[in-house]
Each structure stands twice: as C-alpha cells, then as structure tokens.
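By convention in this document, chain letters (A, B, ...) are assigned in the order of the sequence lines, proteins followed by strands, and residues within each chain are numbered from 1. Note that the structure is predicted; figures quoted are calculated from it, not measured.
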Amino acid sequence: MEKSLVIYNTLTRLKEKFEPINSPNVGMYVCGPTVYGDAHVGHARSAINFDLLYRYLVHLGYKVRYIRNITDVGHLENDADEGEDKIGKKARVEQLEPMEIAQYFTNRYHSNMDQLNVKRPSIEPHASGHIPEQLEMIQTLIENGFAYESNGSVYFDVEAYNAKYNYGKLSGRKLEDLMANTRELDGQSEKRNPFDFALWKKASPYHIMQWNSAYSKGFPGWHLECSVMSTKYLGEKFDIHGGGLDLMFPHHECEIAQSVGTHGHESVKYWMHNNLITINGQKMGKSLGNFITLDELFSGSHALLEKAYNPRVVRFFILQAHYRNPLDFSNESLIAAEKALARISEAMEQLKKMNPSATTTALNVDDFVNNCYAALNDDLNTPILLSYVFETVKSINIAATGKEGISQTDIQKLSQFIDMLLNEILGIEMEQISESSGEVFNQVVDLLLNLRIDAKKNKDFATADRIRVELSNMGFTIKDTKDGFEWKRN
RNA sequence: GGUCGGUUGGCCGAGUGGUUAGGUACCAGUCUGCAAAACUGUGUACAGCGGUUCGAAUCCGCUACCGACCUCCA
C-alpha cells in the first residue's frame, strides 16, 4: 500500500496518480443501463470493473460515493425515428405502462448484478426522476448561448460551444472532421448543424413518455441526465466518471460540453472507459444478434454456449483480462477460467488444513502481498494480480506435498490475505466447503467413503469404484489421499 | 472515407529494449489398484518486411489483416 493508485485517464491518455479532489472523499459516477431489455455480458463487464474500482477504493480507506444511474426515459431509437422510443415501443407492444417495463428490467438487472456479486451503488438515480433538474440545465445552456430552441425542441449548439471551448477533446475528434463526415439523416432539419444534439425533444403523439416544459411536451435528450445527476449528487467537480468505451463518443463528449457550457468548467477529473466484449472473436451487437444475456450465460441456454457458467466464474473470467483491452467470450476460454478458479479454491482448502512447519520456505508472503498491491495500483491490473495468485497457489501445493514448508504465522497471514483479496476486493466469493450441508449428512458421506476404504483394503475394487462412481454421479467429487479421502459437492 | 486502437504459443491473456508472465489444452513422467487432484518435464509465442541498437517481440517506417467510434448499444 506504499505505492499509490495509478489510473488511466482517457482525457489525457496517460496513467495518472489518483488524487481525490477532497480526500478521503471520492465521487464516482458510472453510466448504468437503459432498462428496456435484459442485461448482457457487456453490462457485466462494465459493472464488474467499476465494482472492482469501488471495492478497491473503499479498501484503500476512501469514503466513496458511488452513483450509477438508471436510464428509464424513452430516448429515441435513432434520429430518423420520429415517434418511437425503446421503452415506449416495448410498452405499446406488451400493453404495459412504460414504467412497468422500466421497473421490470431494473429488477432483472439488479438480480443479475447480485448474482455477479456487484455491489449496489450509493445512489442509483433515475433519469425520469430528474426532469426538472434537466430542464434547469437546458435553460442555463440557452442563457449561456450554447443551446437554441427549434420547433419545440432544444439543441446544443456545438459550433458556438467549440468557438469558445474544445468539442471533441475526450474522443480526439475535431469539429472539422465531424462536419466533413456527418451523414444526412431525416428529421434533422431543425438543427443548425447535423452534429448538434438534442437537449429536449418535442414528443410525437405516439411517444408515451413525455413531460411538460416551456418548449413543448417532450422528453430530455439522452446525454443530459448524466450531466445533471452527476453534478447533483457529486458536485460541479468530482473525481471519476466511468463507462463503456462505446459511450466515449458521443455520450461522454456531449456530457463534457453540457457541463462546461453550464458551469464554465469541466466536472470530471478522471475519465475511465472499459473496453468491449467480443463473442468468438466477433463484435457483440444488437444487429448481429450474437449478444448473450446474463440469464442465458448463467443457465447455458444460448445456442453458442455449451454449458451453464456460474456467475462467479464469469466474474473471474472478466477479471482475468485487463479492463482496457478487448475480451473474447468463448466456451473454451470460459471453461479454462472455471478450472483455474477451482484450482484456487482447492489450494485455499489445502492451505487451511496444512500442517505448519517451523519456518516458511515455500514462498515469501510479504513479497506476494506487495506484488498484489502493486498490480492493483497499476491501473487495476487484475491479470497480473491473478498471475501472482497462481504462483502462490503453486507454492501452497508444493508445501502441501511436504517438500517445502509454511509456518503457522504465514499460513494465517496468507489465508487471511487471500480471503480478503478474493472476497473483499475482487468480489469472487469462494465456494464454501461442504460444512453447510449439516452434520448428519457429512457423517453419512464419510461413512460411505470409509466403507470404500475398507473395500479397497480387501481389494474389492468393484465395490470401491461403484461407491465413487455413484457418488460422483450425484454431484460429488471424490479424491483419494495418502491417509484417506476428501470429498466435496460440486 | 475520417479518427483511434489492435495483431503474442492449440485457446484465453499479461508484459518488457537484454531475465520463466499466468491460466487452460495437449504430451510424457511421479503418485494411485485405477482414477481425480497435486507435483515434475517438454513447447523454437510475439502478423510480414525493412530500419535504429552491442542487443527488439518491445523503439521507428512501410505492408497486410482485424476491430472500435463516426448511428441506439456496456
């Protein structure tokens, strides 16, 4: 913990020392889901990576206020689509209130996140609950000369903004390039420039979700809620804003413009973006139809999946890659992660029942601990962190064979640290050993396996194998050891 | 087309100007009645071509391929 946390700031494209604006308080805002469909593996990656950051900041002793929003305002599916929005469309098709749709998918999102052991944020604000605040910001932007009303809608004037500030600094875009490359879409005639974006959109009669305003009955633009809710709960300046790489442009770029246009200065000190996920090497996209929902992943029901994957395996798998690199989902790599995780579990059990030796020769516990912190401090380098964990796993296994030793003190130190690391920081809840099943139950299994030992002594291998085969068919794993046996339920 | 990023061993995935990443798979060995687990050993990995350097997979250039964003998406 001597070394301090360094994080990569998208804004500067550099790794920067993390220094909170008002230490020990940290304000952190992460873009949450639009609740009109089930959460998929992409949502999982973003949520898990920022959950890791949140947990680690708390572990380091910071007081973190963590905001993750719910987008439940029916934004338009695209600019060309005049009347329909995602939530409203679903509501119409299924004959439900839009808010029923939003609540339904919010509930499902929460349950998936719980399965992945993602902690709930400190505040989870809803866009629909902050319409007045959004209208206030629109008014300020108009007054400041960065927004204009047109036919009941209000647009952000990118050109006016860019004359004074720098539009495109986050994503590295230049306004001239945008001018040269903007496509002509329908329904944009209200805008002064095609790259202007909506702050308020006049609703068509079909549009179910709409609110009254001075401009029209309508709904807010989809970038606005994050600017409004982040500053409302974290202040005009806060530490971290996170989200998926795909949100960098235009969403986060527009957020910067809105905040600067409103307050005259930037709000966010560190912008962090997690990279995206591919499925069997291919982009995961709605149009490609290859996105896998978390329910499908956990139940194995998607056609691309060979089996069900436990949420903790999924979490571990995601943490095996660095968050700023793309990550490919495939059966082969998920199965590899499943086995790797089991290896850690086994070693932890070995460690806890190991006979201590007088001195520790198998490894250096302090080095291990320091290495782990160094990896986390280096922009949350979990792959490196896990490589240290696996080296330690090997050392534990060697010590378990008796070739090397670990002292009582170090056994305790090591197992406490790894428990803390896995449960508290990485959020991978380790499997509990079969204790939970009940005394009598355990005694019965032990009895069967003792009978098997007797059979083996009598060279009655048919009986011995039968006990092992039938128990394993029932979901037990049986291992023979020098002095008896070990078992666990899968 | 514009902007940006990537190409590492069967697969996943780190990293670095000179030292074994790690996981998983495969093969062989130890152990075992047989398995499983564990341990040990083996793999001529850094897209191609040039350049800089005592030395490059790591820096530079070119080529090829892939991807992201530019349109809703984590």
Taking A:D72 for its side chain and A:H126 for its backbone only, find out whether a donor-acceptor pair lies under 3.5 Å. no
Under a 3.5 Å distance rule, please check whether A:R452 uses its side chain to pair with a backbone N or O of A:A464 as donor and acceptor. yes
Whole-angstrom distance between [N] and [M], as gauged at atom [atom1]:
{"N": "B:rC49", "M": "B:rC69", "atom1": "C1'", "answer": "30 Å"}
{"N": "B:rC11", "M": "B:rG17", "atom1": "P", "answer": "27 Å"}
{"N": "B:rU20", "M": "B:rU40", "atom1": "C1'", "answer": "15 Å"}
{"N": "B:rC46", "M": "B:rC12", "atom1": "C1'", "answer": "15 Å"}
{"N": "B:rG61", "M": "B:rG22", "atom1": "P", "answer": "32 Å"}
{"N": "B:rG15", "M": "B:rC59", "atom1": "C1'", "answer": "16 Å"}
{"N": "B:rC60", "M": "B:rC4", "atom1": "P", "answer": "15 Å"}
{"N": "B:rC62", "M": "B:rG67", "atom1": "P", "answer": "22 Å"}

Does [X] reach a base, just sugar-phosphate, or nothing at all? Heavy atoms under 4.0 Å.
{"X": "A:G42", "answer": "base"}
{"X": "A:I398", "answer": "sugar-phosphate"}
{"X": "A:R45", "answer": "nothing"}
{"X": "A:D328", "answer": "sugar-phosphate"}
{"X": "A:L334", "answer": "nothing"}

Ring-ring centroid check A:F417 A:F368, cutoff 6.0 Å: yes
So, do A:F50 and A:Y66 have ring centers that fall under 6.0 Å from each other? no
Polar contact flag, side-chain donor to acceptor under 3.5 angstrom, [X]-[Y]:
{"X": "A:N162", "Y": "A:E159", "answer": "no"}
{"X": "A:D379", "Y": "A:Y323", "answer": "yes"}
{"X": "A:Y270", "Y": "A:E16", "answer": "no"}
{"X": "A:N370", "Y": "A:Y388", "answer": "no"}

Measure the distance from [atom1] on [X] to [atom2] on [N] and round it to the nearest whole Å.
{"X": "A:L471", "N": "B:rA36", "atom1": "CG", "atom2": "P", "value": "18 Å"}
{"X": "A:K479", "N": "B:rA38", "atom1": "NZ", "atom2": "C1'", "value": "8 Å"}
{"X": "A:H273", "N": "B:rG67", "atom1": "NE2", "atom2": "P", "value": "22 Å"}
{"X": "A:N69", "N": "B:rA74", "atom1": "CG", "atom2": "C1'", "value": "12 Å"}
{"X": "A:L170", "N": "B:rC69", "atom1": "CG", "atom2": "P", "value": "15 Å"}
{"X": "A:Y323", "N": "B:rA68", "atom1": "OH", "atom2": "P", "value": "21 Å"}
{"X": "A:W222", "N": "B:rU71", "atom1": "CH2", "atom2": "P", "value": "11 Å"}
{"X": "A:K353", "N": "B:rA38", "atom1": "NZ", "atom2": "P", "value": "13 Å"}

B:rC39, OP1 or OP2 - any side-chain N/O from A:N397 closer than 4.0 Å? yes
On the nucleotide B:rA14, are OP1 or OP2 found under 4.0 Å from the side-chain N or O atoms that A:N325 carries? yes
Which residue, A:R324, A:H241, A:H252, forms the side-chain hydrogen bond (donor to acceptor under 3.5 Å, both in side chains) with A:H273? A:H252
Between the CG atom in A:N355 and the CD1 atom in A:I406, the distance rounded to the nearest 0.5 Å is 11.5 Å
I need a per-nucleotide contact map over nucleotides 22-34 of chain B, read 5' to 3'. Cutoff is protein heavy atoms under 4.0 Å; write B for the base, S for backbone only, - otherwise. SSSS-------BB
Dot-bracket pairing map - RNA chain B, Watson-Crick plus G-U, both contacts under 3.5 Å, | cross-strand: (((((((..(((.....[...)))..((((.......)))).....(((((..]....))))))))))))....
Starting from the C-alpha separation in whole Å, work towards a yes-or-no answer on side chain to side chain contact (heavy atoms under 4.5 Å, CB included) for A:R315 and A:V118. CA-CA 9 Å; A:R315 181 165 180 123; A:V118 169; 3.8 Å; yes
5' priority, RNA chain B, between A:G172 and A:S46 [closest heavy atom]: A:G172
For A:V41 and A:T477, find the nucleotide of RNA chain B closest to each by heavy atoms; which residue's nucleotide sits nearer the 5' end? A:T477
Among B:rA74, B:rC69, B:rA14, the one nearest A:M284 by side-chain distance: B:rA74
